[in-house]
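Scroll down for the structure; my scribbles are underneath it.
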Amino acid sequence: MTVTSQIPPDPAVETMEFERLKASGGNRPIELLVKEFGVVYVTSITRDGCSGCAEQKPLFRELAGKMSTKHQGQIRFSNIHIRYKPDDQKESWEAKRVFGHAAYPTYMVHVKSHLGPLEIYRAVYPSMEDLERQTTEALELAEYYKTEASKP
């Protein structure tokens with residue numbers, strides 16, 4: 001069965017269905033998102049039927065557009081969308097097991113290090129100002145790990 005996304009595309013935010021991300025190989029899903037040194041990865045986890053997710057989606061997209069323009073190539077925004085029905089919560093529970101989040105929407109900020117993806121920040125339903133501040137502060141850390149990775 002193929003799941004068709006009902007989420008309109010946005011050039012500033014890469015949207016992935018959880019099922020497709022989970023099925024993309026033996027890696028942990030976060031390792032599939034956090035690929036490059038020197039880049040800050042900002043990820044939202046949302047699900048069907050979540051009023052907070054619907055409320056914050058345009059704000060997150062606006063932030064992504066603004067920060068992607070200001071910090072070209074240094075920040076990547078993505079959204080992992082979870083399918084949910086009151087009578088079928090299996091995917092939501094699986095996503096919580098995989099990502100360790102408690103509620104929706106959850107936002108995470110990661111950078112890549114020689115140890116793999118490192119989580120810098122995580123919050124449920126944060127203000128976009130706080131998410132922007134945390135993302136901006138993570139730029140220095142991303143650059144540090146990029147420099148460390150290039151050393152012999």
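Computed over heavy atoms, backbone and side chain alike; hydrogens, waters and symmetry mates excluded. Since we're looking at a predicted model, the values are computed, not measured. All residue numbers refer to positions in the sequence shown, counting from 1.
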Nearest 0.5 angstrom please: I30 CD1 to I80 CD1, how far? 5.5 Å
For A12 and S68, the nearest pair of non-hydrogen atoms, with its separation, is O-OG, 4.3 Å
Measure across K112 and E36 and return the closest heavy-atom pair with its distance rounded to 0.1 Å. CB-O, 3.6 Å
Run the side-chain contact (heavy atoms from CB on, under 4.5 Å) test on M67 and F77 for me, step by step, so that the C-alpha distance in whole Å, both residues' side-chain angles and the decisive distance to 0.1 Å come before the verdict. CA-CA 9 Å; M67 292 193 82; F77 287 82; 3.9 Å; yes
Please determine whether residues L33 and F18 belong to a single hydrophobic cluster, defined as Ile, Leu, Val, Met, Phe, Trp and Tyr linked transitively by side-chain heavy-atom distances below 4.5 Å. yes
Under the side-chain contact (heavy atoms from CB on, under 4.5 Å) criterion, do V39 and V111 qualify, and how do the steps go? CA-CA 6 Å; V39 176; V111 297; over 6 Å; no
Close aromatic pair by centroid cut-off 6.0 Å: Y107 and F60: yes
Show the nearest heavy-atom pair for residues P29 and F99, with the distance to one decimal. CB-CZ, 3.7 Å
Return yes if some donor-acceptor pair links the side-chain N/O of E62 with the main-chain N/O of K57 below 3.5 Å, else return no. no
Backbone of G100 reached by a side-chain donor or acceptor of R122 within 3.5 Å: yes
Under 4.0 Å between a side-chain nitrogen and a carboxylate oxygen: does that hold for E137 and R133? yes
Would a single hydrophobic cluster contain both V124 and L63, if residues Ile, Leu, Val, Met, Phe, Trp and Tyr are joined by side-chain heavy-atom contacts under 4.5 Å? no
Side-chain donor-acceptor contact under 3.5 Å, T46 with N79: yes
If you look at every heavy atom in Y41 and K35, which pair is closest and at what distance? OH-N, 3.3 Å
Start with the C-alpha distance between L139 and H71, add both sets of side-chain angles, then the distance that settles side-chain contact (heavy atoms from CB on, under 4.5 Å), and finish with yes or no. CA-CA 9 Å; L139 285 165; H71 303 282; 3.5 Å; yes
Compare all side-chain heavy atoms of L131 with those of V109 and state whether any distance is below 4.5 angstrom. yes
Are R20 and E17 close enough for a salt bridge, meaning some N to O gap below 4.0 Å? no
How long is the gap from CD on Q74 to OG1 on T136, to the nearest 0.5 Å? 10.0 Å
Where is the tightest heavy-atom contact between A95 and I82, given as atom of each residue plus distance? CB-CD1, 3.4 Å
Going by atom types only, do Y104 and R47 share a side-chain donor-acceptor pair under 3.5 Å? no
CD of Q56 to OG of S127, rounded to nearest 0.5 Å, is 8.5 Å
Just checking, any donor-acceptor pair under 3.5 angstrom between side chains of Y125 and T106? no
For the pair M108 and I45, evaluate side-chain contact (heavy atoms from CB on, under 4.5 Å) and give the outcome as yes or no after the intermediate values. CA-CA 8 Å; M108 303 178 296; I45 305 174; 3.7 Å; yes
First locate atom CD of E14, then atom CE of M16, and finally report the distance between them rounded to the nearest 0.5 Å. 4.0 Å
Between S150 and T147 (side chain of the first, backbone of the second, donor and acceptor by atom type, cut-off under 3.5 Å), is there such a pair? yes
Spell out, as yes or no, whether a donor-acceptor pair under 3.5 Å connects the side chain of E143 to the backbone of E140. no
Does H110 offer a backbone N or O that forms a donor-acceptor pair with the side chain of E119 under 3.5 Å? no
So do the side chains of P105 and C53 get within less than 4.5 Å of each other, counting heavy atoms only? yes
With side chains defined as the heavy atoms from C-beta onward, is the minimum distance between E94 and R97 less than 4.5 Å? yes
Could you tell me which non-hydrogen atom of Y84 sits nearest to which non-hydrogen atom of D48, and how far apart they are? N-OD2, 3.2 Å
Looking at OH of Y121 and CD of Q134, how far apart are the two atoms once the value is rounded to the nearest 0.5 Å? 5.5 Å
Identify whether V98 and W93 are in the same connected component of the hydrophobic contact network (ILVMFWY, side-chain heavy atoms under 4.5 Å). no
One should read off an interatomic distance between S113 OG and K146 NZ, to the nearest 0.5 angstrom, of 15.0 Å
